[in-house]
Amino acid sequence: MSKNPHDPIQLLSTPGGAPVKMWTQGVPVEPEARAQLQNTAKMPFIFKHLAVMPDVHLGKGSTIGSVIPTRGAIIPAAVGVDIGCGMIAVRTSLTAADLPDNLAGLRSAIEQAVPHGRTTARSKRDKGAWDRTPQEVDSHWARLAPRFKRLTDNYPQLLKTNNHQHLGTLGTGNHFIEVCLDEQQRVWVMLHSGSRGVGNAIGTLFIALAQKDMQRHIANLPDRDLAYFEEGSRHFDDYMAAVGWAQDFARHNREVMMSRVLAALSTVVPKPFLTQQEAVNCHHNYVQREKHFGEEVLVTRKGAVSAQKGEMGIIPGSMGAKSFIVRGLGNAESFCSCSHGAGRTMSRTAAKKRFSVEDQIRATAHVECRKDSEVIDEIPMAYKDIDAVMAAQSSLVEIVHTLRQVVCVKG
DNA sequence: ATGTAC
């Protein structure tokens with residue numbers, strides 16, 4: 001129980017709604033995000049309060065950087081379409097001195113090992129990458145296949161998605177792979193990705209079903225993206241099974257890619273090395289049943305990470321900024337959560353308008369990464385100050401390692 | 001974020 005008088009919670013109250021408790025001291029919060037949070041807080045099945053992380057910003061469906069505890073109902077658009085999106089990080093036994101002087105070869109090896117960007121099984125350009133390492137993918141898919149079969153028996157349209165073809169692929173947008181160094185110059189590999197095409201299709205399908213099921217009452221909701229399934233309904237059970245499967249797909253996807261990246265690393269580093277030391281694999285876009293304040297609740301984390309006492313998590317900064325391996329403090333008021341990153345301060349289009357390629361080159365001078373006009377939207381200046389974000393959540397997590405990127409592959 | 005269509 002958080003009885004810490006110094007816990008810097010900012011309270012946003014909503015007439016007729018649940019309180020909104022925000023860990024945002026010293027970081028900006030958009031008025032649009034506040035309004036969106038207040039809409040969510042009006043839903044009658046919110047358990048106790050919403051918890052808001054310091055990387056909070058307006059999102060599609062629900063606010064990024066929020067924790068939505070519910071009882072008896074679930075909002076599929078709150079989880080969104082990038083179901084199970086999250087981070088994996090592994091420390092290797094290598095140090096900076098073991099890496100080659102020129103990191104361009106390492107970046108290129110990773111780019112060849114992991115299909116990234118707009119990849120489909122049908123595109124000729126990516127044929128090579130798709131044909132590689134089927135055996136490893138198969139062993140992961142074997143664990144996902146039985147429940148996918150059950151899912152597609154009821155929802156056959158999901159058979160038409162990229163599913164096993166996307167296992168072990170990065171995707172686009174802010175999905176990335178990085179090689180980092182910690183404070184002791186030890187080499188880490190980390191990456192950010194989700195459930196790809198099939199998770200997107202599952203999210204889209206159930207968001208539409210919730211809106212359809214509620215169509216006679218949907219005008220009474222503050223936002224049609226707050227359409228929900230009530231516990232006990234068929235779609236509730238189907239959604240919980242489907243979203244849980246997509247989350248597992250995402251976790252396996254990150255594991256497959258991690259082993260591909262480590263294999264790529266071993267091709268450019270002559271020294272043999274150990275891995276799986278201090279491995280962390282965490283979702284930051286998901287829902288699961290948890291116990292809080294002595295009650296069973298559904299916890300939706302949209303751009304938030306579980307931070308139970310002693311639990312390890314990953315908080316990446318933007319390209320060119322620091323990232324953090326953290327340990328949860330088990331802050332009950334936050335439903336044991338922390339932020340999932342720095343949080344954007346401006347849209348991708350605004351960032352591309354505001355900054356130039358020269359700005360991006362300057363901001364990422366110490367990182368082996370792309371620096372062309374296509375990646376300006378990830379410029380560090382389009383994100384909140386990660387140090388301020390970490391300070392605002394010092395009652396939620398403690399920093400175990402501070403990482404700085406040396407190589408970044410952007411999806 | 002992804003897929004598809006324009």
Side-chain angles (χ1 to χ4, degrees), chain A residues 55 57-66 75-88 114-126 129-130 148 151-152 155-177 191-209 225 239 242-243 245-254 256-257 282-287 300-305 316 318-319 340-344 346-352 370 374-378 382-383 408-411:
Chain A
D55 58 345
H57 60 101
L58 187 72
K60 165 78 189 137
S62 76
T63 320
I64 318 290
S66 66
I75 305 168
V79 178
V81 294
D82 197 3
I83 298 168
C85 186
M87 299 288 307
I88 185 171
V114 182
H116 58 282
R118 287 195 155 219
T119 44
T120 70
R122 289 151 210 108
S123 105
K124 287 193 190 93
R125 187 173 65 84
D126 300 309
W130 285 96
F148 188 61
L151 193 55
T152 55
Y155 300 95
Q157 61 268 56
L158 296 173
L159 285 167
K160 286 183 277 182
T161 59
N162 286 309
N163 42 77
H164 72 273
Q165 306 95 317
H166 265 175
L167 194 54
T169 70
L170 187 63
T172 61
N174 63 356
H175 289 168
F176 63 82
I177 302 167
L191 64 89
H192 175 216
S193 188
S195 53
R196 310 286 287 105
V198 66
N200 189 302
I202 288 169
T204 305
L205 167 65
F206 282 95
I207 290 166
L209 281 174
D225 277 331
Y239 178 65
V243 80
W245 181 86
Q247 287 163 194
D248 287 347
F249 180 99
R251 195 186 297 277
H252 281 287
N253 185 34
R254 291 190 291 269
V256 172
M257 283 187 281
C282 59
H283 301 315
H284 53 223
N285 235 22
Y286 70 112
V287 58
T300 299
R301 293 195 179 85
K302 171 80 156 196
V305 176
S318 59
M319 227 177 184
H340 82 311
R344 298 196 76 90
M346 65 182 80
S347 69
R348 292 179 183 280
T349 42
K352 285 192 173 180
R370 278 175 63 188
E374 294 296 298
V375 299
I376 292 175
D377 52 347
E378 291 295 331
Y383 285 84
C408 175
V409 171
K410 194 180 176 295

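Chain A is the first sequence line, chain B the second, and so forth, proteins listed ahead of strands; every chain is numbered from 1.
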Check: What is the distance, rounded to the nearest whole Å, between atom NE2 of A:H175 and atom C1' of B:dT2?
Finding: 10 Å
Margin query: Between C1' on B:dG3 and CG on A:N200, what's the gap in Å once rounded to a whole number?
Written below: 8 Å
Notebook entry, point to check: Looking at B:dT2, B:dA1, B:dT4, which one has an atom nearest to any side-chain atom of A:T172?
Noted result: B:dT2
Notebook entry, point to check: How long is the line joining NE2 of A:H166 and P of B:dT2, in whole Å?
Noted result: 8 Å
Margin query: How many whole angstroms separate atom CZ of A:F249 from atom P of B:dA1?
Written below: 16 Å
Notebook entry, point to check: Which whole-number value in Å describes the distance from A:K160 NZ to B:dT2 C1'?
Noted result: 16 Å
Notebook entry, point to check: Only one of A:Q247, A:R301, A:K302 forms a side-chain contact (heavy atoms from CB on, under 4.5 Å) with A:V287, so which one is it?
Noted result: A:Q247
Check: What nucleotide, of B:dA1, B:dG3, B:dT2, holds the atom closest to the side chain of A:N162?
Finding: B:dG3
Notebook entry, point to check: Nearest-Å distance, CG (A:N163) to P (B:dG3)?
Noted result: 11 Å
Checklist line | Whether A:W245 and A:F148 hold their rings parallel, tilted or perpendicular, with breakpoints at 30° and 60° | finding: parallel
Notebook entry, point to check: Under 6.0 Å between the ring centres of A:H175 and A:H116?
Noted result: no
Check: Nearest-Å distance, CD1 (A:I64) to C1' (B:dA1)?
Finding: 11 Å
Item checked: Under 4.0 angstrom between A:R196 side-chain N/O and B:dA1 OP1 or OP2 -> no
Item checked: Atom pair distance, as rounded to whole Å: CZ in A:R254 and C1' in B:dA1 -> 14 Å
Notebook entry, point to check: Side chains of A:D55 and A:H340: do they bring a donor and an acceptor to under 3.5 Å?
Noted result: yes
